[in-house]
Amino acid sequence: MLKVKLPDASVLEFSRRVRPVDVASQIGPRLARATLAAEVDGTVVGADSALPEEGEVSLRLLTAKDPEALAVMRHSAAHVMARAVMRLFEGVQLAFGPTVDNGFYYDFLLDKPISEADFPKIEAEMARIVQEDEPFERIVEPREKAIVLCADLGQTLKVEHIREGLADQETVSFYRQGEFIDLCRGPHVPSAGAIKAFKLLSVAGAYWKGDASAQQLQRLYGTAWFSKQDLDDYLKRVEEAKRRDHRVLGKQLELFTVDQAVGAGLILWLPKGAVVRRELETFIYGELIQRGYQPVYTPVIGRVQLYETSGHYPYYADSQFPPIEMQDGDRYLLRPMNCPHHITVYKSKPRSYRDLPLRLAELGLVHRFEQSGELSGMIRVRGFTQDDAHIFCTDDQVADEFRGCLDMTQFVLKTLGLDDYRVRLSFRDPSSSKYVGSPETWDRAEAALEAVCREMSLPNLQVAQGEAAFYGPKADFIVGDCLGRDWQLGTVQLDYNLPSELRFALEYIGPDNRPHRPVMIHRAPFGSLERFVGMLIEHFAGAFPLWLAPEQVRVLAVSEKFEDYARQVQGRLAEAGLRVSGDYRPEKIGAKIRSAQIELVPYMLVIGGREMEQGTVAVRDRIEGDLGAMGVEAAIEKLKQEIRTKAVRKKS
RNA sequence: GCUAGCGUAGCUCAAUCGGCAGAGCAGCUGAUUUGUAAUCAGCAGGUUGUGGGUUCAAGUCCCUCCGCUAGCUCCA
């Protein structure tokens, strides 16, 4: 006897062995047909997987309405794609084919390169398979037999995976669909007909098991949905997101440029982009001072020895610009990190516990030679400015300082209306020996950090075991770009390494008149100004809040007859400290408005005969349109108020 | 770095089968004097990323290099 609890709290009883699809039939034939998978005690399984004979389970039948079913269907779509590829190409070896956000991929090993030109015929073959609507059949085999089966199928990658990756499994499962059989954990939808709309998206290289020294496979990405409408909506969303691309907007709005004459991954901030950056810098410096940081300035190069001491050289030599060698043999490194310089500032005099916590801040320009394939606009570059600071404190102060750093980072993100972020708390992998410091210290630090994070109720907090830097645990603030890629912005990292005896042997004199070792915290709320501004451009789709806008307001003269008065108004706004320009071209007012709208100028002041007579301006808001006439001083006060509050306005 | 794709005017793109490199926007000049998202006309703008090859003829086909894009690997 099996008791099946359904989400509506009703209970069904079965004396025979049943599957979720049988439970669905019991409720109704339409539900049975719509059931694509099931969630049994919280685990997603296939609709035809047998439920236990005895006891009680809670069961949720999953249909096209449930997001879990979408993931199951996409996994099935990956199989269908693999089946199509195997029908069309000779000697295809299958690797892995999982579901990912918004779609799926499958990795193949085959001699012939697949290109996008092959997509139509693969898609056509997939459509045929979906049309045939054959069932997915689960087959469970003992491990040894599975190895033989895969070997017979010529699937050597799968053989390797069963031997190594699944070494601890007694049995493994396959899914068969017609002539196609694939090692797979499942689950799958009942049959291919559940895949209603799909599209291949791209082909790329991928390494077998993520190992760059292993052979490279061909990865085919696709997306699949339960309706053509959903698919079209998705493709449209992707297109719209691409219009926010900071590389496109950065060029259109003249914010930054990259030129191979200077070098790949090296950002040239154009005047308008420089305004945004300068405003952010002013903002961040104000915060730093308020929060007890002391700005310092240090050089962008340092002797190689310094980085040997810090351990950055030669450990990261592959991703550094090689040292500059002088005639006398002295070698200098373009700094990849600011910390050694700040440590040198710390060491510039003996420190007492009364100096701690010592918070040294600098917008520090660093250079790293990132691999060419990694470079991406302002987001992944070879020269960038960290809004860096290093806090030197006692063990007891770590939690408070850590909290202060998180608080500042949150404050910065909130001020900019960036609330779609997640926080990743990276801890060590206890089974690895690559970490500095004793396990006890790590445990204590990790516990303290997690406690602070929980107490601050950070959004989407997740703990990532094994993601810590070798020198200490860290908390990263992660934001997605317009293509859905996640990037680290702000970061707060504990460091037991650099202060240690092995490295810089930092000390302070304690109340006991004896030397003690300080702890270091690295922190950067923006991460890098380059990446942060890149993300901001995408976040605002180029339409910055007033306080950041390169051009805050533009005076538009209705005709040249009113130019003199308009110029007076422009002068008055400039005097008031606003970033203002004037459009005095012999154009119609509609054309001037259009230019200003396209250039995303937040406010326009239209000036014609009426305004000149009455000494007013007609204010046009980029978002809301015409706001009507008001006095010049009233308009200035309105804008200044919005700047003071750093308001983030969106279309209402 | 690896795999694949793409490089045509400042920008967005066109150029059939290999057959005279073109359009819109931006720019410049002139006319127009304008009331809330594009006034009209003219002019100028190119070694088709680079170097080589095939051909009577190359933007188009082949090779090299450079750059860009996506993904993979990396990210102190």
Side-chain angles (χ1 to χ4, degrees), chain A residues 100 105 107 113-118 201-221 242 245 247-248 251-252 254 257-261 263-264 307 310-313 315-320 335-340 366 368-377 380-382 384 386 467-472 474 476 483 485 487-488 491 493 495 497-498 522 527 531 556-563 584-599 604-611 618-622 624-629:
Chain A
V100 291
Y105 67 78
D107 287 345
I114 298 177
S115 82
E116 289 186 21
D118 298 313
L201 298 177
S202 63
V203 56
Y207 298 105
W208 170 239
K209 298 206 168 176
D211 179 356
S213 64
Q215 56 201 322
Q216 194 158 24
L217 311 166
Q218 300 192 61
R219 175 171 297 180
L220 236 49
Y221 281 92
K242 279 185 189 162
D245 191 319
R247 292 165 299 194
V248 175
K251 181 170 263 183
Q252 262 171 31
E254 299 177 9
T257 190
V258 179
D259 194 309
Q260 56 171 308
Y307 297 96
S310 74
H312 294 118
Y313 192 88
Y315 188 76
Y316 288 107
D318 282 351
S319 48
Q320 286 167 2
R335 71 173 170 195
M337 291 282 281
N338 301 310
C339 17
V366 298
R368 298 179 186 175
F369 193 82
E370 306 286 1
Q371 299 181 65
S372 60
E374 300 302 341
L375 303 175
S376 178
R380 192 81 189 263
V381 293
R382 286 182 175 158
F384 55 98
Q386 295 177 314
E467 289 295 310
F470 68 92
Y471 50 74
K474 58 176 181 170
D476 294 323
L483 297 181
R485 298 174 295 198
W487 298 96
Q488 175 199 306
T491 184
Q493 315 187 353
D495 189 343
N497 174 45
L498 290 179
H522 309 246
R531 177 176 291 180
L556 310 180
V558 170
S559 95
E560 285 175 63
K561 282 189 257 175
F562 316 113
E563 180 171 342
Y584 305 111
R585 292 176 300 166
E587 278 288 355
K588 287 167 67 169
I589 191 67
K592 295 183 183 184
I593 286 170
R594 184 165 189 274
S595 306
Q597 290 279 155
I598 288 171
E599 291 170 53
M604 290 148 261
L605 302 185
V606 176
I607 288 174
R610 291 198 293 274
E611 288 74 24
V619 179
R620 182 186 165 97
D621 175 31
R622 188 189 64 77
E624 305 293 340
D626 192 359
L627 301 182

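We name chains A, B, ... by the order of the sequence lines, and we start the count at 1 in each one.
- In this structure, A/Q386 reaches neither bases nor backbone, as no heavy-atom distance under 4.0 Å exists between it and the strands shown.
- A/G590 comes within 4.0 angstrom of the backbone, heavy atoms only, and of no base.
- In this structure, B/rG19 and B/rC56 make a Watson-Crick or G-U wobble pair, each of the two defining distances being under 3.5 angstrom.
- An OP1 or OP2 oxygen of B/rU34 is reached within less than 4.0 angstrom by a side-chain nitrogen or oxygen of A/K561.
- Using atom P as the reference point in both B/rU16 and B/rC72, the two lie 36 Å apart (nearest Å).
- Within the structure, every side-chain polar atom (N or O) of A/R585 is placed at least 4.0 Å from both OP1 and OP2 of B/rU29.
- Spacing between B/rU50 and B/rC11 at atom P, rounded to whole Å, works out to 15 Å.
- Going from the C1' atom of B/rG52 to that of B/rC43 covers 38 Å, rounded to whole Å.
- Heavy atoms of A/Y471 sit under 4.0 angstrom from primed sugar atoms or phosphate atoms, though from no base atom.
- Using a 4.0 Å cut-off between a side-chain N of Lys or Arg and a carboxylate O of Asp or Glu, A/D211 and A/K209 do not qualify as a salt bridge.
- For A/E560 against B/rU33, a side-chain-to-base donor-acceptor contact under 3.5 Å is present.
- Comparing B/rU69 with B/rU12, their P atoms are spaced 13 Å from each other, to the whole Å.
- For the P atoms, the distance from B/rA4 to B/rA9 is 27 Å, rounded to whole Å.
- The base of B/rG49 has none of its N or O atoms less than 3.5 Å from a complementary donor or acceptor on the side chain of A/Q260.
- At the heavy-atom level, A/Q597 lies under 4.0 Å from base atoms of the strands shown.
- Within 4.0 Å of A/R610, counting heavy atoms only, lies at least one base atom of the nucleic acid.
- Proximity note for A/Q371 (side chain, C-beta onward) versus B/rG35, B/rC72, B/rC74: the nearest is B/rC74.
- Closest to the side chain of A/A469, out of B/rA76, B/rU34, B/rG71, is B/rA76.
- Contacts of A/G625 with the nucleic acid, taken as non-hydrogen atoms under 4.0 Å apart, are absent.
- Looking at heavy atoms from C-beta onward, A/E560 lies out of side-chain contact with A/Y584 at the 4.5 angstrom threshold.
- Nucleotides B/rG45 and B/rA31 place their P atoms 23 Å apart, quoted to the nearest Å.
- Across all strands shown, A/R622 has no heavy atoms under 4.0 Å from either base or sugar-phosphate atoms.
- Within 4.0 Å of A/L217, counting heavy atoms only, lies no atom of the nucleic acid at all.
- Closest to the side chain of A/I593, from the set B/rU36, B/rA70, B/rG67, is B/rU36.
- Remark: the A/R380 side chain and the B/rC74 base include a donor-acceptor N/O pair separated by less than 3.5 Å.
- Interface remark: the A/Y207 side chain does not form any donor-acceptor pair with the B/rG71 base, using a distance-only criterion of under 3.5 Å.
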